[in-house]
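Remarks on the structure that follows.
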Amino acid sequence: MPIRLTLPPTFAARIDEADRPQVGMWVCSGSPLVAEIAAGSGLDWVLIDGEHSPNGLESILAQLQAVAAYPVSPVVRVPYGDTVVIKQFLDLGVQNLLVPMVDSAEQAAGIVRAVRYPTSGVRGVGSSLARASRWNRVENYLADAASTISLLVQIESAAAVASVEAIAATPGVDGLFVGPADLAASMGHLGQQSHPQVVEAVLASIRAGVAAGVPVGVNAFVPADAERYLDAGASFVAVGADVALLARASEALADRFIGTDGAADASGDADSAHRATGSADGRDPSATGTSAGTGERPSY
Ligand SMILES: O=C(O)C(=O)C[C@H](O)[C@@H](O)CO
C-alpha cells in the first residue's frame, strides 16, 4: 500500500492561525545546506528566491526537500509571473508562491488563473508526474489543490501602490508582500528604502491590506523599519538574507582581524587599522540592517 500523505498547511493559513507576526529571512544562495540552516534557526518562514538568485528548478527542489523536516513555511519567489513558470514551480511542490512585480488587479487575476486548474484557471494538469501531489499520494490533490497553495503578490511599484486596494481584493490573492527596494526605484529614490515617501507608500499598502482583511508582508532588513511596519499591522516580515548575513559577518571578521582601513593597507599595519576602524567596539557583526563593521555598505 502506498503511503497516503497530507500536505502541510499553507503560509497563509499559518499567518491566520498565528498569534503574532511571522518573521522570516531570504535564502538567496541556492544552497540546500544554507536553506536547512535557516530553516532550523527558529524563524517562522524562509523565502527562497528565484528572481535575483542563482536558482533553477533543481536547486529549488533540493532546498524544499532540505527544509521539509523543519517547522518553517517555505515561500518561493518565481522570476516573473508567467503561466508556464508558475506551473513548473507548483508541480515542483511549491505551496507558497510569491510573484514579483504585480502592478494591477488584472495582472493579479491572471496569476490566480495560472495557479488554479480549469475551469477556474489554466494550470496544466501533470499531478501524477509531479512532486506537488507526491506522485498522486496526496489524496484528492486535483480537487483540493487550490486549498494547498497560498499566493502572495509583490507590491513594488508606484503603479502597484495606486492599485493596491484592487489587487488586495482580487479573489485568490492570499497576501501582499511589499518590496521597498523596487518601490523606491520606481518612485525615483533608487537605493533609498527608508526615504519618507517610500515609507509612506509601504504604510499605505499595509493599511490597504489590513482594511481588505488580506495579510501584508514587507521586506525590511533595517530593524527600525521592520518594527515600524509591524506596528502598522504587517503580518509578516523578511528581516535578512543568507547572503547578506554572510557578506556582512565575513567583512566584520576581516575588519576585526586584518583591518580594512586604507592607510593600513598601504603600511601593512593591521593593528593600526583595528584601532582606526574601531572594529572591536562591540558592533554586532551579524547585523544586516546597519553597516556593522563595514563602513557604509547598504543592507539591501
Ligand atoms: O523590492 C524589494 O525590496 C524586493 O523585492 C526584495 C528584494 O528583491 C530584496 O531581496 C533585495 O533588496
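Read the numbers this way: they start at 1 and go in the same order the structure lists the ligands and their atoms.
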Which ligand 1 atoms, with their elements, are less than 4.0 angstrom from a heavy-atom of [X]?
| X | answer |
| --- | --- |
| H52 | 8 (O) |
| A181 | 1 (O), 2 (C), 3 (O), 12 (O) |
| W26 | 6 (C), 10 (O) |
| D182 | 1 (O), 2 (C), 5 (O) |

Do [X] and ligand 1 have an N or O pair less than 3.5 Å apart?
| X | value |
| --- | --- |
| F221 | no |
| E51 | no |
| L183 | no |

Would you find a donor on one side and an acceptor on the other, under 3.5 Å apart, between the side chain of [X] and the backbone of [Y]?
| X | Y | value |
| --- | --- | --- |
| S163 | A166 | no |
| R134 | R131 | yes |
| Q154 | M101 | no |

Report yes or no: do Y70 and E36 form a side-chain donor-acceptor pair below 3.5 Å?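 Yes, a side-chain donor-acceptor pair sits under 3.5 Å.
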Flag for S73-N96: side-chain donor and acceptor within less than 3.5 Å: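 There is no such pair (donor and acceptor under 3.5 Å, judged by atom type) between the side chains of N96 and S73.
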Contact summary for S104 and Q107, nearest pair of heavy atoms: OG-N, 3.1 Å
Specify side chain, backbone, both or neither for N219, according to which of its non-hydrogen atoms lie closer than 4.0 Å to ligand 1. side chain
May I ask you to identify, for Q154, whether its side chain, its backbone, both or neither come under 4.0 Å of ligand 1 on a heavy-atom basis? side chain
When you look at CG of L190, are more than 12 heavy atoms from neighbouring residues, nucleotides or ligands closer to it than 6.0 Å? no
So is R77 touching ligand 1 or not, going by heavy atoms under 4.0 Å? yes
